[in-house]
Amino acid sequence: MIRQLARVLGAPYAGPLRRHLAGVLAYAVLQGLVFVLLVPVLRPLLRGDTDGAQPWLGVLAVVVLATAVAYWVQAQLGYRLGMALSRALHHRIGDHLAALPLGWFTPARVGRVARMSSTGVVDVMGVPAHLLQPVVTAYVSPAVVVLAMLFVDWRLAVAALITVPLIVLVFRWSARLLAATDVVVDTAGVEASNRIVEFAQQQAVLRAYGRTGEGFAQLDAALTEVDRANRRQLLKGGPGLVASALMVQLSVTVVIVAGVAVAVGTTVDAASLVALLVLTVRFAEPLVAAADLGAALRMARNSLDRMDELLRTPVLPEPSAASSFSSDGSIELDGVTFGYDDRRVLDGLSLTVPAHSMTALVGPSGSGKTTVVRLVARFFDTLEGTVRVGGRDVRDLTTEQLMAQISVVFQDVYLFDASITDNIRAGRAEATDDEVLEAARLARVDEIATRLPDGYDTMVGEGGARLSGGERQRISIARAILKNAPIVLLDEATAALDPDNEAAIGSALAALTADRTLLVIAHRLQTVRSADQIVVLDNGRIAETGTHDQLLAAGGRYAAFWSERTRASGWRLVSGAV
Ligand SMILES: Nc1ncnc2c1ncn2[C@@H]1O[C@H](COP(=O)(O)OP(=O)(O)OP(=O)(O)O)[C@@H](O)[C@H]1O
């Protein structure tokens, strides 16, 4: 486990971990010695020989003092290591998350990561902070005691040693019984926390459709499952825990019986025997503690396993150093095949978006439009074929180089709980105040700021909750304008907006996309009509390509779409260019 901890934490923590382990070992050995010294102290005392006990009492006092110092040193090291470990784990998880393909982030995985970085990190930091010491002591102190027994009376040492393999076997069996149910308990825990978050977040939907009862039923079922899993673990693990405690008591009994048998043979005097028995009882104490701590240690190990697994999840390979790159501002997909899990979604798709032109992607739901945009932004790598941005294979660009080429405006806009200015500045951290204000003006965020009590300093709330959907989108467009990337990937809003917002967003997008390369998942007829190229996707393939007039004249899929959509409510006839 220590080795795994060192691997998860990385090289800088190997030294502190080793030092802490050395401190814990020193403490465990010293504690064992304190137990052992009880024999020479008690032996003369029980015979009434206080003078004989005095030198040993002096030695005992010195060793007790050394034990106390060792305890303090290892506790300080462990506590500090625990705190550093919590920071290091958060950093390592955070750094790795930042490098994982964007497509990795599904809601279920996000839930797991949230659990891992909260309770998981606390479990793991508990190892140096308060678990390692009692567990190491549990094994090392009795070993020192048995070693000392060898010198006092080898038969008692052998009696104690006989029980050790049995204790180890029973401890392992007990741990295995409990571990078998760990996955069930953990899965139930993750499910319950996801349901709680969902229940809280989706109150509006649940109430609107009168399904609070049903929503609650799902949460209730998840919590019942947690309860059931815990009970099942207790039932399955119970025999192991009882057997472990019994084994420890049995080892004490074996040594006592052996001691009495030896005493009857008169090789050991009564005083020594009593001292040895005291030693035996103390010898068993740490073992009982180890059995109790097994569960906490296992939980820490499970959390560590999951962190290890996350940190081993491959990141998208990218060149170690950025090579010089002068983008021609185009986008190209060349024979691209891609699928989620085992299902093919794009099938040998080739598409070119020339620089400074607009391509509109249209097609039925599920035809692969979003997937095309995700591949351009390298959420995933293709199974076959090549995606080129600015004329270069995206796999040959560093994340910084690729991201410098692209601004993405998706439908779900997330704003940080910060001021409007800070949210816009997220587009380019080093932008001057004037540049931020200019981007805000172009995206018509200035109109929003004037209405708010603190203007641009107004905090927008978590996710931008204090603003309307349209207002959030205008801020995200201002962010993209500030970023000033040559290529814009846009998922046009499907939701209806009020006329003011609609017009504001129209002009904000016009400012963003002017003189840029634009790949847009188009929902508005106006956008589609004004595109230089329309690509009709169907089932992961290109069904048709051309301008609006060409495609209407062709009388194919697009023409059918157009006449259907202009009649249906799904496509809105709105004025204003994109
Ligand atoms: N993360 C994912 N995991 C598994 N399957 C996915 C994932 N994302 C999309 N899909 C599936 O891939 C197919 C194409 O989805 P995509 O979102 O690209 O289509 P779309 O044309 O953008 O649809 P829409 O217009 O409804 O947004 C769909 O069948 C969808 O269910």
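Fair warning: this is a prediction, and the values are worked out from it, not measured in the lab. Both ligands and their constituent atoms are indexed starting at 1 by order of listing.
- In this structure, the protein non-hydrogen atom closest to atom 4 (C) of ligand 1 is Y340 CB, 3.2 Å.
- For ligand 1 and R343, the ligand atoms under 4.0 Å from any heavy atom of the residue are 11 (C), 12 (O), 13 (C), 28 (C), 29 (O), 30 (C), 31 (O).
- Within 6.0 Å of NE2 on H90 lie more than 12 heavy atoms contributed by other residues, nucleotides or ligands.
- Around the CZ atom of R92, the shell of radius 6.0 Å holds more than 12 heavy atoms that belong to other residues, nucleotides or ligands.
- G368 N, 3.3 Å is the protein heavy atom nearest to atom 19 (O) of ligand 1.
- With hydrogens and angles left out, the side-chain atoms of S330 and D328 include a donor and acceptor closer than 3.5 Å.
- What sits closest to atom 22 (O) of ligand 1 on the protein, heavy atoms only, is T370 OG1, 2.5 Å.
- The only member of V535, T545, V372, I331 that meets side chain to side chain contact (heavy atoms under 4.5 Å, CB included) when paired with T359 is V535.
- Using a 4.0 angstrom heavy-atom cutoff, P364 counts as in contact with ligand 1.
- In this structure, G363 has no heavy atom closer than 4.0 Å to ligand 1.
- In this structure, the side chain to side chain donor-acceptor pair (under 3.5 Å) partners of T181, at least two apart in sequence or on a different chain, are Q233.
- Remark: minimum distance from atom 23 (O) of ligand 1 to any protein heavy atom is reached at G366 N, 2.9 Å.
- Contacts of T371 with ligand 1, taken as heavy-atom pairs under 4.0 Å, involve both backbone and side chain.
- Relative ring orientation between H548 and W562 is described as perpendicular, the plane-to-plane angle rising above 60° on a 0-90° scale split at 30° and 60°.
- In this structure, the protein non-hydrogen atom closest to atom 25 (O) of ligand 1 is K369 NZ, 2.9 Å.
- Ligand-side atoms of ligand 1 in range of V345: 12 (O), 13 (C), 14 (C), range being under 4.0 angstrom from any heavy atom.
- Within 6.0 Å of atom CG in N539, 12 or fewer heavy atoms from other residues, nucleotides or ligands are found, so the atom counts as exposed in its surroundings.
- Close N/O approach between F380 and ligand 1 is not found [any backbone or side-chain N/O within under 3.5 Å].
- Every residue was checked against the side chain to side chain donor-acceptor pair (under 3.5 Å) condition with R344, not counting sequence neighbours, and none meets it.
- Heavy-atom contacts of S367 reach the following atoms of ligand 1: 19 (O), 21 (O) (cutoff under 4.0 Å).
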Would you check, one step at a time, whether the test side-chain hydrogen bond (donor to acceptor under 3.5 Å, both in side chains) holds for T399 with E318?
-> CA-CA 8 Å; T399 304; E318 57 175 275; 2.4 Å; yes
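- Nearest to atom 24 (P) of ligand 1 among the protein's heavy atoms is S365 OG, 3.7 Å.
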